Amino acid sequence: VGSLLISMLVAVIFVAAVAFSQAYQKEREYHKDITVRIVNADFLTSDAWVDNTTFLLVHATCFSDSEMDAIQEKARGIGVGCLCVTVTKKLREDGMWFKLGEDTLEMAWGKAKVYMWEKISVA
């Protein structure tokens with residue numbers, strides 16, 4: 001079950017990254033030196049995922065509104081220019097995130113809305 005869950009997570013991350021890249025590659029500079037950091041922690045209690053974040057994936061299909069609010073509150077500390085992809089749910093309109101676009105993508109369970117954001121302001 002664990003390896004299946006990891007495989008599904010990797011597939012979702014790949015689909016989201018490809019969709020984002022295809023839609024906005026003309027507007028963003030391509031960087032060959034990319035560092036990927038995976039944080040295994042409770043996003044509600046840990047700040048480890050906020051430090052130096054430049055890309056954030058929030059697969060929010062099963063998140064409650066209060067969990068989405070908590071993520072967005074923690075993300076206030078992320079620097080300007082961070083790109084974010086949310087699946088199924090949008091961020092709140094708070095003036096800190098600009099919606100770059102949205103699309104509907106086919107997932108293993110069916111179609112899901114995918115939203116692309118850029119951090120434009122700090123707390």
Side-chain angles (χ1 to χ4, degrees):
V1 174
S3 63
L4 177 60
L5 182 60
I6 290 171
S7 296
M8 289 174 58
L9 179 59
V10 168
V12 167
I13 290 170
F14 178 76
V15 167
V18 167
F20 186 85
S21 176
Q22 288 174 344
Y24 301 102
Q25 94 182 63
K26 290 181 182 178
E27 299 171 20
R28 308 296 296 172
E29 182 179 323
Y30 179 73
H31 299 282
K32 291 185 178 185
D33 299 321
I34 297 174
T35 300
V36 175
R37 180 175 55 118
I38 297 174
V39 177
N40 183 14
D42 181 347
F43 64 85
L44 295 174
T45 60
S46 173
D47 289 329
W49 61 271
V50 177
D51 298 332
N52 301 314
T53 298
T54 57
F55 179 82
L56 180 63
L57 172 65
V58 182
H59 199 297
T61 303
C62 295
F63 290 172
S64 67
D65 289 343
S66 63
E67 288 171 319
M68 286 298 291
D69 289 343
I71 291 171
Q72 195 158 352
E73 184 61 32
K74 288 249 184 207
R76 293 173 70 85
I78 291 175
V80 170
C82 176
L83 301 176
C84 177
V85 172
T86 60
V87 179
T88 307
K89 296 186 180 179
K90 296 190 237 186
L91 296 175
R92 271 188 338 274
E93 299 289 333
D94 67 356
M96 291 190 186
W97 293 92
F98 175 74
K99 186 170 77 168
L100 297 170
E102 64 183 73
D103 201 356
T104 302
L105 297 177
E106 189 70 38
M107 303 291 176
W109 65 89
K111 294 182 186 233
K113 276 286 209 190
V114 176
Y115 303 91
M116 285 77 56
W117 309 87
E118 182 174 3
K119 183 84 180 279
I120 59 171
S121 175
V122 293

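What you are looking at is a predicted structure, and each value in this text was computed from that prediction instead of being measured.
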Taking atom CD of Glu93 as the centre, report whether more than 12 heavy atoms of other residues, nucleotides or ligands fall under 6.0 Å from it. no

Trace of the side-chain contact (heavy atoms from CB on, under 4.5 Å) decision for Lys119 with Met96: CA-CA 6 Å; Lys119 183 84 180 279; Met96 291 190 186; 3.9 Å; yes

Audit row: Tyr115, Cys84, side-chain contact (heavy atoms from CB on, under 4.5 Å) steps and yes/no: CA-CA 8 Å; Tyr115 303 91; Cys84 177; over 6 Å; no

Under the criterion side-chain contact (heavy atoms from CB on, under 4.5 Å), which of Asp51, Asn52, Thr53 is the partner of Ile78? Thr53

For Val85, which of Leu100, Leu56, Val114 qualifies under side-chain contact (heavy atoms from CB on, under 4.5 Å)? Val114

For [X] and [Y], work out which heavy atoms get closest and say how close.
X: Leu44; Y: Ala70; result: CD2-CB, 3.2 Å
X: Trp49; Y: Ala75; result: CH2-N, 3.9 Å
X: Trp109; Y: Thr61; result: CZ2-OG1, 4.1 Å
X: Met68; Y: Lys90; result: CE-O, 3.7 Å
X: Lys74; Y: Asp47; result: NZ-OD1, 2.7 Å
X: Ala112; Y: Met107; result: CB-CG, 3.7 Å

Let me confirm one number: the [atom1]-[atom2] distance from [X] to [Y], rounded to the nearest 0.5 Å.
X: Thr88; Y: Leu105; atom1: OG1; atom2: CG; answer: 10.5 Å
X: Leu83; Y: Glu118; atom1: CG; atom2: CD; answer: 5.5 Å
X: Phe43; Y: Ile71; atom1: CZ; atom2: CD1; answer: 4.0 Å

If we ignore hydrogens and angles and just use 3.5 Å, is the side chain of Glu67 paired with the main-chain N or O of Ser64 as donor and acceptor? yes

Between the main-chain N or O of Arg92 and the side-chain N or O of Gln72, is there a donor-acceptor pair closer than 3.5 Å? yes

Residue list, side chain to side chain contact (heavy atoms under 4.5 Å, CB included) with Thr45, at least two apart or on another chain: Asp42

Residue pairs passing the salt bridge (charged side-chain N to carboxylate O under 4.0 Å, His left out) test with at least one member in residues 52-63, sequence neighbours excluded, are none

Would you sort out whether Leu91 and Thr86 count as a side-chain contact (heavy atoms from CB on, under 4.5 Å), showing the intermediate values? CA-CA 8 Å; Leu91 296 175; Thr86 60; 4.1 Å; yes

Answer yes or no: is there a side-chain heavy-atom contact under 4.5 Å between Trp97 and Cys82? yes

